[in-house]
Engineer: 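This is the structure I want to talk about, given as structure tokens.
Side chains are part of it too, since the values below use all heavy atoms of this structure and drop only hydrogens, waters and symmetry mates. Worth saying up front: this structure is predicted, and the values here are computed from it rather than measured.
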Amino acid sequence: MESEKDASYTYWVREAREDAAPLPLPRKLTPQDLSNNSHNPPPTHLGSLWNRAGTWEEKNLNKWASDRIKELLISVGSLEFYSGGRAEITEVSKCVGDAFLVTVRNKKRVGYTYELTLKVKGEWLIGNGRKNVKGYIDIPEFSIGELDDLQFEVRLNDEKDLGHQDKLKISQDLKLFLQPVREKLLQLEQELKDR
């Protein structure tokens, strides 16, 4: 009766038996192993050499993307405004987010999500003289494919010395940075896709 039970019920054997094949031992590939494989090249694949099947592989691009965002946005330069003002982005004071390249099923996909704060300074004709103004442009969140809906908020440092109309004028002028900032971020997106 026990032989019938054994024959009808199987389970995973955790102990190796004498007649079982030996377990494979891991070993490093030698240059000869690689050259033996080179005469029979695989179809073109993306990603690492170890991932010839093109299965899931993710590469972190945070440092590259953060450095590139800063470089691109500082290169916007200064803008002249019809109101008699002029301003420039002097620093990317906050650059928080993630950028990555994923290879899945032998197809490349890129993505990113970032939050930015840009430090700006400028000079406006206010009253009888010119006034230096500093402030920030906050971009709360943006990610790949969403740059058409890019929005940001303007904060001014020296609000005490400015009248309400002057603050509005300066804020409206600084919002004109939207288009050049969007163009630079689109450039980043394209460079990310080309990596």
Engineer: In plain terms, say whether R130 and E123 are close enough for a salt bridge, that is, a side-chain N and a carboxylate O under 4.0 Å apart.
Structural biologist: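 Looking at R130 and E123, the cut-off is met.
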Engineer: For Q172 and L174, run side-chain contact (heavy atoms from CB on, under 4.5 Å): C-alpha distance rounded to whole Å, both residues' side-chain angles, the deciding distance at 0.1 Å, then the answer.
Structural biologist: CA-CA 5 Å; Q172 289 303 317; L174 290 177; over 6 Å; no
Engineer: In Å, rounded to the nearest 0.5 Å, how long is the span from CZ of R182 to CZ of F142?
Structural biologist: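 Here the interatomic distance stands at 12.0 Å.
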Engineer: So which of K121, K119, K134 actually passes salt bridge (Lys or Arg N to Asp or Glu O under 4.0 Å) with E91?
Structural biologist: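 Option passing the salt bridge (Lys or Arg N to Asp or Glu O under 4.0 Å) with E91: K119.
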Engineer: Within this structure, what is the CG-CD distance for the pair L178 and Q151, rounded to the nearest 0.5 Å?
Structural biologist: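 Rounded to the nearest 0.5 Å, the CG-CD separation comes out at 8.5 Å.
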Engineer: Rounded to the nearest 0.5 Å, how far apart are NZ of K108 and CG of D194?
Structural biologist: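 Here the interatomic distance stands at 6.5 Å.
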Engineer: Report yes or no: do Q179 and E183 form a side-chain donor-acceptor pair below 3.5 Å?
Structural biologist: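 Yes.
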Engineer: From S143 OG over to D149 CG, what is the distance, rounded to the nearest 0.5 angstrom?
Structural biologist: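 Separation between the atoms: 10.0 Å.
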Engineer: If two hydrophobic side chains count as joined below 4.5 Å and joins carry through other members, does L186 share a cluster with V92?
Structural biologist: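 Yes, one cluster joins them.
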Engineer: Quick check: closest heavy atoms across L118 and L73, and the distance to 0.1 Å?
Structural biologist: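 That closest heavy-atom pairing would be CD2-CD1, 3.6 Å.
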Engineer: I'd like to know if the side chain of D98 pairs up with that of T113 as donor and acceptor (distance under 3.5 Å, no hydrogens or angles considered).
Structural biologist: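 Not at all, the side chains of D98 and T113 share no donor-acceptor pair under 3.5 Å.
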Engineer: To the nearest 0.5 Å, how far apart are CD1 in I144 and CD in E189?
Structural biologist: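 CD of E189 is found 4.5 Å from CD1 of I144.
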Engineer: In terms of the angle between their ring planes, are W124 and F81 parallel, tilted or perpendicular, with boundaries placed at 30° and 60°?
Structural biologist: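 W124 vs F81 ring planes: parallel.
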Engineer: Picking from K184, E191, K63, what satisfies side chain to side chain contact (heavy atoms under 4.5 Å, CB included) with R68?
Structural biologist: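 Of K184, E191, K63, side chain to side chain contact (heavy atoms under 4.5 Å, CB included) with R68 is met by E191 alone.
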Engineer: Do V154 and K175 make a side-chain contact, defined as non-hydrogen atoms from C-beta onward lying under 4.5 Å apart?
Structural biologist: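 Yes - at least one pair of side-chain heavy atoms lies under 4.5 Å apart.
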Engineer: Look only at the side chain of D138 and the backbone of P140, and say whether a donor-acceptor pair between them is shorter than 3.5 Å.
Structural biologist: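 Pair absent, no side-chain N/O of D138 close to backbone of P140.
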Engineer: Does a donor on one side chain and an acceptor on the other come within less than 3.5 Å for Y136 and E153?
Structural biologist: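 Absent: no donor and acceptor within the cut-off.
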Engineer: Nearest 0.5 Å please: distance from the CG atom of D173 over to the OH atom of Y82.
Structural biologist: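 Going from the CG atom of D173 to the OH atom of Y82 covers 11.0 Å.
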Engineer: What I'd like to find out is whether the side chain of V110 reaches to under 4.5 Å of the side chain of V102, using heavy atoms alone.
Structural biologist: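 They are not in contact (no side-chain heavy atoms under 4.5 Å apart), so the answer is no.
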